[in-house]
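Data block below; observations after.
Quick note on labels: first sequence line is chain A, next is B, and so on, each numbered from 1.
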Amino acid sequence: MELNAKYNPSEVEDKWYAYWLKNRCFHSEPDSREPYTVVIPPPNVTGILHMGHVLNNTLNDVLVRKARMDGKNACWVPGTDHASIATESKVVAKLKAQGISKEDLTREEFLKHAWEWKEEHGGIILNQLRKLGASCDWDRTRFTMEPELSDAVISTFCHFYKKGLIYRGVRMVNWDPVGLTAVSDEEVIHKDTKSHFYHLRYYISDGKGKASDKYLVIATTRPETIMADAAICVNPADERHHWLKGKKVIIPLINREIPVIEDDYVEMDFGTGCLKVTPAHDAHDYEIGLRHNLPVLDIIDDHGRLNEKAQILVGEDRFEARKKIVKMLQDAGNLEKIEEYTSPVGYSERTDAVIEPKLSAQWFLKMDALAARALDSVESGEVKLIPDKYRNTYRHWMENVHDWCISRQLWWGQRIPAYYLPDGQVVVEETPQKALEAAQKINPAYTAASLRQDEDVLDTWFSSWLWPISVFDPAHPGHPGHRPNADLSYYYPTNDLVTGPDILFFWVARMIMAGNEFMDRKPFGNVYLTGIVRDKLGRKMSKTLGNSPDPLELIKKYGADAVRLGMLLCSSAGNDILYDESMIEQGRNFCGKIWNSWRLVSGWSVCDAVKQPSEARAAVKWFDNKLSKTIETVQDHYSKFRISDALMAVYKLFWDDYCSWYLEIVKPAYGQDMDSATYDATVDFFEKLLKLIHPIMPFITEELWHSISPRKEGQTIMFERSPKAGPYRQDFLDAFELAREVVIGVRGVRAQKQISPREALRLFIDGEVSPEVLPVIVKLGNVSSIETGAAGGQAASFIVGTLKCSVPLKGFVDTAEEKAKLESELEYQRKFLAGVRAKLGNVNFVSHAPEAVVATERKKESDALARIEAIGEALKALEQ
RNA sequence: GGGAGCUUAGCUCAGUUGGUUUAGAGCGUCUGCCUUACAAGCAGAGGGUCGGGGGUUCGACUCCCUCAGCUCCCACCA
């Protein structure tokens with residue numbers, strides 16, 4: 001096959017991806033082989049590919065392709081997540097742009113729009129993953145809200161309800177006034193936010209509801225909530241405030257009377273020591289309210305606006321109201337002072353709205369028992385977190401977990417299967433039919449019309465925690481007595497999970513809980529937590545900063561293989577990645593290198609009459625050993641999830657060892673034929689290298705593998721076996737390494753003296769070199785002869801290990817310069833020797849240190865002595 | 001406020017139970033090369049007292065303490 005002078009990734013990539021699909025290379029069915037299973041962290045159904053996905057899915061694909069080539073039955077299940085709040089807010093925004101308000105629609109109408117949106121935009125991201133080369137089993141593509149998976153979610157709810165772990169209650173929850181839903185604690189992000197501390201005067205009541213001239217001062221960050229105040233609270237031990245005992249104070253502006261109460265909760269040395277208690281709008285205040293039987297007055301509506309109970313500023317947004325009420329308080333003489341103040345404020349993860357603590361009825365899942373078991377799964381090592389520093393974080397979270405608020409006031413998602421009866425009772429059943437049956441057991445007169453289903457849907461994570469189970473057997477979760485189907489029995493538990501640490505609790509921990517609950521075992525063995533992709537300056541990638549490159553553009557420009565390699569280059573687990581396009585350039589350059597090396601090799605002509613040159617024989621033997629050793633290293637890296645190390649080892653093996661050394665040695669002179677032994681070995685090495693690289697760069701390796709020799713239709717490098725490491729001779733590798741260093745020394749002399757590489761030089765070596773590798777020095781050093789001993793007269797010399805090498809160079813050598821160089825080297829060696837001898841002279845060292853260490857020091861000593869002697873001789877020779 | 005982690009060459013990072021490492025890699029930098037696979041390349045070179053200080057040890061990048069800086073997670077001082 002004729003090769004283009006340049007590698008053209010886009011042509012090649014589309015061709016092979018189509019080929020793989022056509023031959024169903026990614027599809028897996030249970031068989032007798034060992035399974036290797038991975039489920040994709042399902043991206044949002046309407047999402048588009050960003051660099052984080054690229055990193056994650058590249059890693060996933062490398063692991064999957066590697067496992068496949070190791071002979072395992074690899075199965076990577078793709079799919080998408082319905083992402084209830086994210087998708088719903090997108091649909092709401094789209095409708096708004098069309099002049100349609102969600103409130104004007106019925107639930108059914110809205111869902112119709114949402115499904116339309118999903119059909120239109122859903123799954124784009126899965127097509128984008130194909131561009132990256134992801135070898136997902138597309139026949140198994142799942143969606144968390146497809147009917148079967150939704151059914152699984154509903155039965156899961158029923159399962160936990162009947163187990164008594166799910167309850168409904170009025171609690172202080174995190175309310176998102178933009179998303180118009182409650183969110184879980186995990187979906188609240190606390191950010192330090194600059195605000196003000198307002199010191200307000202509350203006048204003491206004269207007992208007749210009128211203000212006296214005495215007052216106390218409270219400090220608050222939320223003056224707009226004073227209308228909802230239920231009390232003023234002080235610490236009972238605070239003597240400054242004893243005079244307030246039993247008094248009542250007047251809320252400014254609205255002149256409502258509230259009591260002064262005492263509670264230990266109040267810190268004496270914070271603020272003024274007086275706390276305004278607003279049970280409806282602060283979680284602690286709510287607790288205090290419960291203890292003291294205070295009324296709850298909710299003055300903020302779902303949108304974050306003051307309602308009519310506030311009496312004043314009705315209809316104003318909470319932040320507008322804050323500004324206005326400050327002015328009003330000032331005018332009324334109640335504002336004592338304003339301080340600058342920075343405090344943590346909770347924001348909604350999805351909408352970035354400031355979270356409003358709000359009292360409402362929600363569904364919760366009890367977490368204690370689930371968390372305890374999930375903690376054990378990690379502590380016992382059943383599930384490994386990589387890197388393991390996340391174990392600490394994980395433990396901390398699991399030991400301090402709160403009940404999970406699982407209801408959302410949204411429509412896009414699985415609707416809670418709770419049905420309210422006219423008598424106030426509630427039945428929880430998987431279907432309306434079953435619910436009716438249950439209801440009729442309570443009262444046979446009930447009809448379908450008597451049942452009112454809960455309006456809320458479930459948190460997205462309440463469906464995605466089933467993912468590793470439900471993608472294989474959707475009916476399974478929550479069904480007592482249900483036997484796992486063939487797929488689930490074979491593929492579960494999955495092997496590795498690659499995901500970001502940001503969803504360790506949202507998703508990973510909860511999958512472990514669900515796995516334990518429904519399968520009685522872990523959902524995966526290893527969790528590889530990637531870093532977050534940041535820009536060169538360490539900033540998170542975001543649309544507003546415009547620092548987030550479009551992966552598809554990059555793939556178009558550099559090729560998918562280049563993008564994959566670029567991302568992996570700096571992907572040590574858990575470390576954030578500072579993305580820079582130059583990494584992808586490096587990937588592209590590597591593609592070019594691979595391509596060109598095959599152009600060279602494939603262009604050689606072979607003649608059986610040619611005998612194998614001695615340097616080629618040495619090179620073949622050396623590379624064979626080197627290959628084995630490197631494969632061993634690479635396997636070790638993979639087994640420890642050190643993907644970038646594995647990649648770098650392969651990269652250097654190909655570029656440095658194979659191209660720069662091996663090919664340069666065996667390369668025949670221009671126009672000359674090559675012997676067949678060397679040629680066959682060279683091609684064999686090349687093919688093995690392609691197989692080693694394939695998991696990382698699937699496209700170019702497939703292309704060239706087909707170029708090596710014609711393959712049958714359907715054959716692919718994907719199913720070739722990973723090259724195995726054979727035994728290798730370290731002593732031979734060392735001997736070759738010595739020769740390599742001699743060559744570098746000779747080249748160094750040329751560079752320094754500006755002697756053309758074409759001019760052959762004589763080389764003197766004083767010391768022992770394996771005769772096998774001498775021809776290598778001759779060829780790559782362009783040496784006319786290698787003689788033993790030292791070059792007399794003017795010569796450039798260098799030391800390799802304990803070898804003294806010299807190149808006679810009449811007329812090229814500046815004696816003084818050469819002498820200075822040698823002398824500085826001599827001084828360095830003497831210092832080094834002194835250091836070693838000091839160590840060896842220390843009785844404690846010799847008696848305490850292990851023998852091997854002492855032996856090493858002795859070797860260092862003798863080597864240094866040899867070098868010093870060699871340098872001395874070189875100096876002597878210079879003086880002649 | 002609590003917890004975890006990080007600080008090694010210009011940049012990004014390795015350094016695996018303290019001694020075969022007189023501290024490594026990739027990229028970048030510098031010098032010389034259009035050498036008939038590749039200038040997206042080839043050859044060569046320079047570059048770090050391992051954040052500061054103290055300690056343990058025969059021996060510390062590696063263990064302990066302390067200080068400084070950075071990052072992340074958790075958290076209800078209004």
Closest to side chain of [X], choosing from [options]:
X        : options             : answer
A:Phe845 : B:G19, B:G5, B:A78  : B:G19
A:Thr393 : B:U35, B:G26, B:C73 : B:C73
A:Lys652 : B:G5, B:A25, B:C38  : B:A25
A:Leu663 : B:C42, B:A78, B:A37 : B:A37

For [X], which contact category applies under a 4.0 Å heavy-atom criterion: base, sugar-phosphate, or nothing?
X        : value
A:Tyr558 : nothing
A:Arg222 : nothing
A:His396 : sugar-phosphate
A:Asp285 : nothing
A:Gln586 : sugar-phosphate
A:Pro850 : base
A:Val836 : nothing
A:Phe590 : nothing
A:Gly841 : nothing
A:Cys591 : nothing
A:Asp576 : sugar-phosphate

Looking at [X], I'd like to know whether one of its side-chain N or O atoms comes within less than 4.0 Å of OP1 or OP2 on [N].
X        : N     : answer
A:Lys389 : B:C6  : no
A:Arg642 : B:G15 : yes
A:Asn842 : B:G59 : no

> Going by modelled atom types, is there a donor-acceptor pair between the base of B:U35 and the side chain of A:Arg747 at under 3.5 Å?
Replying inline: no
> Now, which nucleotide makes the Watson-Crick or G-U wobble pair with B:U12, with each of the two distances under 3.5 Å?
Replying inline: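 Its partner is B:A25.
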> Can you tell me the Watson-Crick or wobble partner of B:A43, both distances under 3.5 angstrom?
Replying inline: B:U31
>> From CD1 of A:Ile755 over to P of B:A43, roughly how many Å is that when rounded to an integer?
In response: 18 Å
> Rounded to whole angstrom units, what separation is found between the CD atom of A:Glu664 and the C1' atom of B:G41?
Replying inline: 11 Å
